[in-house]
Amino acid sequence: MTIARPAPAEVLRTEYQKSVASYWNKEKDPVNLRLGDVDGLYHHHYGIGEVDQSVLEGPEQTRDERMIAEMHRLETAQAEVLLDHLGDVSPGDRLLDAGCGRGGSSIMANQRFGCQVDGVSISQKQVDFANGQAEARGVQDQVRYHFRNMLDTGFETGSRRAIWNNESTMYVDLFELFAEHARQLEFGGRYVTITGCYNDVTGGRSKAVAQIDQHYTCNIHPRSAYFKAMTANNMVPISVVDLTAQTIPYWELRAKSSVATGIEGPFLTAYREGSFHYLLIAADRV
């Protein structure tokens, strides 16, 4: 079955959305592509967990290859933790990966739960790449990626058992996003996000957080905004996990690697000074 593609004007409704889409359509960053080449799971997020320091030992000529594989292990571990918080999911359920990137988390969700997963992105290049990966794995009938705006997906009301954002909420208004998620979730459905947010206690964006915003053309939200927007849209947090300490080892390793992009310093500064948090928030639709 051929699915008609929406026109870009139907998906990209503001100049900012157009600029974000342009950024990701052009993006060919080795830190995303080389890590995904390890096993064909292409992520667009960071890693968590302790680093296996043995990757820094051994032959110099293969050291970088070992570091790449270790960073990929850590980013896949992050996706596993997100999936752990989706609650009870059965093969008959439908899930939504909002801001899916190149689709790695959707593939993992299908592997774990055996259910249908839809991913949406405002980057047509990402969508095409991700659909190619699903086809290569033979799961294109269960995992589908769509060029759609996660603020207005067009999916049916109450059709989703679970929805997640993995490091994509900083590109949208949270009240608009959670209103759309609440519409799509069934009663008792689960929402999970892993995100970077700035610390309200320290008072506004620090210099390091502002550098991260500029690097990724995003708008990092304060921690409090997540809970205000969830409460306003009948989503009640059931679990909040501070992953900040767990992600620092990933960034320390990445800073030493050949795929470092220069943003590692601001991330490490922001995390260490406490102006920036890496949180997992799980909420139920009530």
Side-chain angles (χ1 to χ4, degrees), residues 41 43-52 70-89 95-101 104-106 108-109 112-113 150 160-172 174 177-178 181-182 185 188-202 206 208-209 212 218 220-254 267-286:
L41 284 174
H43 299 297
H44 277 273
H45 58 252
Y46 312 127
I48 58 173
E50 290 300 318
V51 170
D52 179 358
E70 179 65 359
M71 283 189 288
H72 182 61
R73 183 184 71 81
L74 297 174
E75 65 176 3
T76 299
Q78 186 260 35
E80 294 283 10
V81 168
L82 187 153
L83 297 180
D84 287 344
H85 285 78
L86 290 182
D88 295 328
V89 178
L95 309 182
L96 175 62
D97 183 354
C100 60
S105 297
S106 299
M108 291 175 62
R112 179 185 292 205
F113 303 117
M150 62 183 172
R160 304 291 147 166
R161 176 61 192 167
I163 299 173
W164 71 88
N165 287 93
N166 200 345
E167 297 180 14
S168 54
T169 54
M170 62 286 298
Y171 289 102
V172 295
L174 293 179
L177 178 68
F178 294 157
H181 286 348
L185 281 169
R190 177 66 55 81
Y191 171 71
V192 180
T193 184
I194 295 182
T195 187
C197 51
Y198 73 78
N199 185 358
D200 303 82
V201 176
T202 58
S206 66
V209 170
I212 296 168
C218 65
I220 292 168
H221 302 292
R223 179 178 53 181
S224 61
Y226 284 87
F227 303 100
K228 291 176 182 176
M230 286 180 181
T231 301
N233 288 288
N234 299 312
M235 295 166 66
V236 179
I238 190 171
S239 181
V240 180
V241 183
D242 186 354
L243 298 171
T244 307
Q246 294 185 52
T247 197
I248 287 175
Y250 162 87
W251 285 99
E252 291 173 337
L253 180 64
R254 175 167 155 171
F267 267 93
L268 286 167
T269 296
Y271 285 141
R272 289 169 177 162
E273 72 186 8
S275 67
F276 193 45
H277 292 153
Y278 195 52
L279 295 187
L280 179 149
I281 307 170
D284 288 337
R285 170 70 165 92
V286 299

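Side-chain atoms are counted along with the backbone in the values below, which use heavy atoms only and exclude waters and symmetry mates.
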J.: Yes or no on salt bridge (charged side-chain N to carboxylate O under 4.0 Å, His left out) for Arg254 and Glu75, after CA distance, side-chain angles and deciding distance?
T.: CA-CA 11 Å; Arg254 175 167 155 171; Glu75 65 176 3; over 6 Å; no

J.: Can you name the nearest heavy-atom pair linking Arg161 to Gly188, along with the distance?
T.: NH1-O, 3.6 Å

J.: Would you give the length of the straight line joining atom OH of Tyr198 to atom CD1 of Ile212, rounded to the nearest 0.5 angstrom?
T.: 13.5 Å

J.: Using a 4.5 Å cut-off on heavy atoms from C-beta on, say whether the side chain of Leu185 contacts that of Ile163.
T.: yes

J.: Is any side-chain heavy atom of Phe267 closer than 4.5 Å to one of Thr247?
T.: no

J.: Would you give the length of the straight line joining atom NE2 of His85 to atom CG of Leu280, rounded to the nearest 0.5 angstrom?
T.: 5.0 Å

J.: Side chains of Ile248 and Tyr278: does their closest heavy-atom pair fall under 4.5 Å?
T.: no

J.: Is there a side chain to side chain contact (heavy atoms under 4.5 Å, CB included) between Thr202 and Glu273 once you walk through the steps?
T.: CA-CA 10 Å; Thr202 58; Glu273 72 186 8; over 6 Å; no

J.: Do Asn165 and Met150 come close enough that some side-chain heavy atom pair is under 4.5 Å?
T.: yes

J.: Give the intermediate values and the outcome of side chain to side chain contact (heavy atoms under 4.5 Å, CB included) for residues Arg285 and Asn234.
T.: CA-CA 6 Å; Arg285 170 70 165 92; Asn234 299 312; 3.5 Å; yes

J.: Is Gln246 close to Gln78 at the side-chain level, that is, under 4.5 Å between some pair of heavy atoms?
T.: no

J.: Could you check whether any side-chain heavy atom of Phe276 comes within less than 4.5 Å of a side-chain heavy atom of Thr244, counting everything from C-beta outward?
T.: no

J.: What's the separation between atom CZ in Arg160 and atom NE2 in His181, rounded to the nearest 0.5 Å?
T.: 11.5 Å

J.: Please report the closest heavy-atom contact between Pro249 and Glu50, naming both atoms and the distance.
T.: CG-OE2, 4.4 Å

J.: Taking all non-hydrogen atoms of both residues into account, name the closest pair between Arg112 and Asp84 and its distance.
T.: NH1-OD1, 2.8 Å

J.: Checking the side chain of Asn199 only, and the main-chain atoms of Gly274 only, is there a donor and an acceptor separated by less than 3.5 Å?
T.: yes

J.: Just verifying a value: how many Å separate Thr195 OG1 and Asn166 CG, rounded to the nearest 0.5 Å?
T.: 9.0 Å

J.: Return the minimal non-hydrogen interatomic distance between Glu167 and Tyr46, and the atom names on each side.
T.: OE2-N, 3.0 Å

J.: Start with the C-alpha gap between Asp284 and Arg190, add the side-chain angles, then the distance that decides, and say whether side chain to side chain contact (heavy atoms under 4.5 Å, CB included) holds.
T.: CA-CA 5 Å; Asp284 288 337; Arg190 177 66 55 81; 2.5 Å; yes

J.: Got Leu279 and Arg223 here, is their nearest side-chain heavy-atom distance under 4.5 Å?
T.: yes

J.: For the residue pair Tyr226 and His221, does the interplanar ring angle fall in the parallel (under 30°), tilted (30 to 60°) or perpendicular (over 60°) class?
T.: perpendicular

J.: Would you sort out whether Val241 and Val81 count as a side chain to side chain contact (heavy atoms under 4.5 Å, CB included), showing the intermediate values?
T.: CA-CA 10 Å; Val241 183; Val81 168; over 6 Å; no

J.: Which distance, rounded to the nearest 0.5 Å, do you find between the CD1 of Ile220 and the OG1 of Thr169?
T.: 9.5 Å

J.: Side chains of Val51 and Tyr250: does their closest heavy-atom pair fall under 4.5 Å?
T.: no

J.: Give me the atom names and distance for the closest heavy-atom approach of His45 to Ser105.
T.: CE1-OG, 3.7 Å

J.: CG of Asp88: more than 12 outside heavy atoms within 6.0 angstrom?
T.: no

